[in-house]
Every structure is written in C-alpha cells, then in structure tokens.
Amino acid sequence: MGADHASLEELVRWREGLVSGEIFVDSGIHRQETERVFPRAWSYLVHESQLRQPGDFVTTFIGADPVLVARQRDGSIAAMLNSCRHRGMAVCRADAGHTRAFTCPFHGWTYDEAGRLVNVPNLENGYRGQLDTSAWGLTPVPRVESYKGLAFATFSSDAPSLVDYLGEMAWYLDCLLDRREGGTEVMGGVHKIRMHGNWKLIAEQFAGDNYHAGITHASAASAMAPVAADPSPVSADPVPAGRAMRFTTAMARPGRQFSHRQGHGVAGFFTSDKALTGGLRQMARDQAVVADYYDATDAEVANRLGSERAKGPSGTAGLVFPTFIYLAGVFGASTIGVAHPVGPEHFELWRWCLVDAAAPPEVKAAMVRCHAVWPLGLADADDGENWSAVQAALQGPMARRQLFNYQMGLGLAGPDPVYPGTVSPEPIGEEPQRVFYRRWLEYMTSPDTWPAITG
Amino acid sequence: MNAALDALALRLSIEEFLYLEAELLDDHRYDEWLTLLADDVHYWAPTQANRLRRDRGREASALGEVALFDDDKTTLGWRVRQMGLATHWAEDPPSRTRHLVSNIRIAPGDGARELAVRSNFLCYRNRLRDEVDLWAGERHDVLRRVELGVGGDGGGPGWLIARRAITLDQNVVLSKNLSVFF
C-alpha cells in the first residue's frame, strides 16, 4: 500500500487513540521508516564505558544501516557506515574489539579508526595515483553526542542537540544514570535476541505499557515471590491466583507516567516508594545484596537528585525515541538496550546490564546475576510470546485493517506539581504510546531534514 | 580387563543419567529435573560474541558478565515454578521439545566423587502451529557421585549435576525466548 500523508493519517489517529495494525506489517511503511525515522532521530550507539581506549570499537545499526563506532585518538567517539566505499562490503564483521585499521576483505581498501581511507591496493598502477583518497573515507554519521555516558547519533544536520532532544526526559534518565559520583558503566557481555514482531511493539511497550506487566509477567512475579509469603506448592495447578493478583495490585499503586513530545516516555513509576523493590530483600541472596546497596546509597542519591527521584521513578521502563530502552532497578538489575528493526516482521533486542561505576564488585556481580534471571529469563519468555502472537495474527488483511485501542487515560495528561514535563496522573495508561505515534507520524510525513513538531 | 569394564560401566551410568535428564525435560517433569541438580549447582550459559581472529578465545562472556543463564538452585527453582503456572503464556499451550545428547566425554574431576563430563546437544522445539527452534551446543558438566537413593525416583540415578556451563552456538539468540533448559 502507499504510505502517503493522507493514508498514514488514517492509520494513526492518535487524537482518538486509534492505531491501525497495518503499520506493524506493511513493507512499504517499513521502508519509509528506514528512510525517514531512523536516520533523522537520535539513535542510541554505545555506552562510553565500552570504548575505553582509542581504537576500541563496536559494530551496531542505526535502523537498517550497519554502523561502526570507534573511540578516537582525541578521546571523542566517531560513527560511520560499516560499508566500504568501493563495493559496500562491511569492513568489520566483529561485534567489538580493538584495532588500528579496518581492512575490507573484498579488495583491501583500508580505513583507520576515524574512517579515513589510508590504504588502497594498486593505487599507483591501477588508479595511476589519481584516486583522491581523502574523498573516499567511510561515510560518517555526522553528529555524535553523549548524555551521561550514553552516546547517540543522527544523520540530520537540523536535529536539535541531544540534550534538547531529550528535554525533560533527561530528568527521568538521571534516576538511572546519575545516582552516584562517577556515573555508570555497563558490565561485559551483551545479550542479543531476535524477536518475531515489529520494532514499534517493543518501543511503545517501553514508552508507556505498564499495563501489561501485571498480566504478562504474572507468572514471573509469582514464581519469584518469596515462598513464605505464599506456601503454594512449587508447581501448583491451578495457578496460585493470590500471588498473581497481588502483583497486579502492586502495579496499581499511586504513580505517574511521563510522555515527551519527541516521542519519549516513562512507562509508569510509583510515587510512594521504590517500585517492586519492597520484597527484594526476601527474594534471594543476590536480590538482598542489591536491596542493601539501594538502602546504603539512598541518602547519596537523594542528595544528588532530590528525594522525589530517590524514591520515585525507579523500578520502571522507559524509551528514548525511537529505540533506546531501559529498565531502572527492576528486581535487582538495571538494563539499557536498543531494539534494532529487522524488516517489518522482526526486531533484535540488544541489552546490557548497567551499574553504578562506584558500586562495590560484589554488588555488581549480584546485579548481573539478577539481570540474567529477570529480565533476560523470566520476563523475556512471556514478552516474546506476546510480540510473535501479535505479528502472526496481523498477517491477514482483515486483521491488520483493525484499529487498535490506545484510549486509556485519554485527556488526563498535563503538568504535575512534582514531576517535570507532561505527566499522567496514573501509573498505568496510554498517553506515552499516543505521543509516540503522534511523533512517528510527523517523521513519516515530513520530507524535511528534520521533522518539525507541529501543534 | 577389569579397568576396561569399569570404564564401560561408568560410561553407561553417565549416559543413562544424561538420557534420564533429557527425558524429564522433554516430558515437562521439571520438578523431578530439579532433583538432579546439586543444592550448590551453578547453571551458566555465557553469551557468544563475534570476535576478530586475534581475539579468539574471548568470544564467550566471562563469569560475572552478562549471561543467558547464570543461575543457582534458587533461581532455577523460580524458572521451574514459572513453567508450572497457568499464567506462563509462553508455555501455554506447552511447547514440544526433544533433547538429543551425544559426544559424551568423561574425564576425572576435582575430587574423588566428581567427574568432568562434556556432551553435545541438539534441542528441537516445536510450538503452536508452525514455530520451530533449533539449538545446538556443548555442555561442560561437573557430575557428583551420590549414594543411590538420592535424587530422582526408584533408587536414584547415582549422580547430581554440580555445575553446568553451556556453550550455545548462537551469537544472536534466534528464538523468541529461552523458556527451555539445556
């Protein structure tokens, strides 16, 4: 189908809270996304702690485009297309490493860590010395900027600065990034998994879908609940409804959601205490170590960020438009990640375990083990099932033509006396998703170098 | 000759134990599977990165780094408990799995009661109408000899898994989850 302005407006009726299934499956719409969304938005690249020395590199993607990211001799971070200027081959096929040169295996064109073309076989004989090597470096991603350790990039010359792009979202990100002196680092290793589902399914979920947690993750939460709190047998059948219900109740405590006009969102946070960490100490040894650490650092965090952030917007999920996701302090671990689209039907979720750099080694070790159990283990299992079952159901023309309901909390968002930006008065709602799709529509319908925020 | 027979008997005992384990998993008898694991078990599967050839040997994430599994008996108990819950949507309806175990190699372990056992596995999962996953890899186990009657049914298999390190031969995990044990 054509993805012209009028048809897209019909598919994304954000004012009414209606979104068509077409946008999750249509290949023409996806092609337009790869042209209009990813190259222009600020896309997440890397945590700076992954590139400690000049020549350290990682490979990643900006949307559908392969990108090479390397620490430069002057300490800056540069990003360039991982595609040789001669025939397009990826010049680096490793995930990460350290090097002084990237040599294309096809014909041997060789680039340094800044992407400059430094060697061309047959330069004198074949090209008669006429090749201007300075004009044939790897195609740079022209703008790379960092916020408290997180490096993002955009191809758009007219995009606002990263800090302006984040806006009030930075206040919420600080709950994750600025808890302690020294900031954060990622633990070694990255978890990569291919999901059957359109990338927007996970993007909108991290932006605003606190709603799913109590149902989708009922089994995970029940399984992890201290047995003393519910002495049901290990494999009780039928489901110990008490445990599942308590988790749903816990998710319904007083809280808020945050949405940002650039398409970012904080899916839901609790205003009374640290979400989901109440029972952390009772769960198991590692979770208890993390709970002790949170308690021991509470005063320092409150001193840096203020009491409302020490107690409030943790234990939550968030999205920086379009594909940077995070979980802050959920069941003993914090996660940052990126959801790379792989065609309209799949995405790849890459996740790292984020820790305070100043945390003691035994706390970091406990956190990375918590990270493997949840979210990578118990939570992933049921999320993956949701996304694949949505995608499978939308293969038929009648199913994909349906308009889905994004109407929860319509009209409730506004300013809040405590929390900055546009805030919804409940921890469960769909304002961030509506704002996400409103912004997505602007990217998709604007041919300019930067899609203006209108109205 | 006696030594050769002893080695053969040991091999048969180990094979029987690993086949029993595969059967329990494929039959969704996870509570019984849990009894095959020592109370101090470490069940671990590192991630597998693509590295330059000169960085060979650094593909797997190290202990203490991000892993696919990094479990003790408590957290494995959580996974098993989740498997049995009616709200575990990823396994309702349950998946069909088939664990094939081969290339068993037996070497002395650290203590007199322990053996270092390596095995290869191929695990096939078929789910719902047409979803298929195939995982191949290797397991480095530490098996601990126990008195008969400990673990499992009917006298017990005579072994407990004290440590399992799993090499899953995938960079990006190509299944939508790992709601499975290897």
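A quick note: this is a predicted structure, and the numbers were derived from the prediction, not measured. In what follows, chains carry the letters A, B, and so on, assigned in the order in which the sequence lines appear, proteins first and then strands, with residues in each chain numbered from 1.
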Least distance between heavy atoms, [X] atom then [Y] atom:
X        : Y        : value
B/Ala67  : A/Ala372 : O-CB, 3.7 Å
A/Met187 : B/Gly64  : CE-O, 3.5 Å
B/Thr74  : A/Ala284 : CG2-CB, 3.9 Å
B/Ser61  : A/Gly189 : CB-CA, 4.2 Å
A/Asp382 : B/Thr87  : OD2-O, 4.5 Å

[X] portion near chain B, given a 4.5 angstrom heavy-atom threshold:
X        : result
A/Phe57  : side chain
A/Ala96  : both
A/Arg285 : side chain
A/Leu376 : side chain
A/His98  : backbone
A/Thr99  : both
A/Val190 : backbone
A/Glu362 : neither
A/His371 : side chain

Answer with side chain, backbone, both or neither: which region of [X] has an atom nearer than 4.5 Å to a non-hydrogen atom of chain A?
X        : result
B/Leu128 : side chain
B/Asp72  : side chain
B/Arg127 : side chain
B/Leu178 : neither

Residues, nucleotides or ligands: over 12 heavy atoms within 6.0 Å of [X] [atom1]:
X        : atom1 : result
B/Arg105 : CZ    : yes
B/Arg145 : CZ    : no
B/Phe182 : CZ    : yes
B/Arg113 : CZ    : no
B/Asp6   : CG    : yes

Looking only at heavy atoms and a cut-off of under 4.5 Å, which of [options] has the most pairs with chain B?
options                               : result
A/Cys353, A/Ala220, A/Gly197          : A/Ala220
A/Arg93, A/His346, A/His191           : A/His191
A/Ala365, A/Ala392, A/Ser388          : A/Ser388
A/Thr59, A/Asp383, A/Val186, A/Thr216 : A/Thr216
A/Gly188, A/Ala94, A/Gly384           : A/Gly188

Among B/Leu52, B/Asp70, B/Thr47, B/Thr75, which has the most heavy-atom pairs under 4.5 Å with chain A?
->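 Highest number of heavy-atom pairs under 4.5 Å: B/Asp70.
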Residue among B/Arg53, B/Gln48, B/Arg54, B/Glu131 with most heavy-atom pairs under 4.5 Å to chain A =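 Winner by heavy-atom pair count: B/Arg54.
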Between A/Leu378 and B/Arg79, does a side chain to side chain contact (heavy atoms under 4.5 Å, CB included) hold up when you go through it step by step?
-> CA-CA 7 Å; A/Leu378 282 77; B/Arg79 292 181 192 264; 3.8 Å; yes
Please check this pair: side chain of [X] against backbone of [Y], looking for a donor-acceptor N/O pair closer than 3.5 Å.
X       : Y        : value
A/Asp95 : B/Asn50  : yes
B/Arg81 : A/Ala223 : yes
B/Trp89 : A/Ile215 : yes

As an exercise, state the distance from [atom1] of [X] to [atom2] of [Y], rounded to the nearest 0.5 Å.
X        : Y        : atom1 : atom2 : result
A/Lys192 : B/Gln170 : NZ    : CD    : 13.5 Å
B/Ser175 : A/Ile193 : OG    : CD1   : 5.5 Å
A/Arg369 : B/Leu63  : CZ    : CG    : 9.5 Å

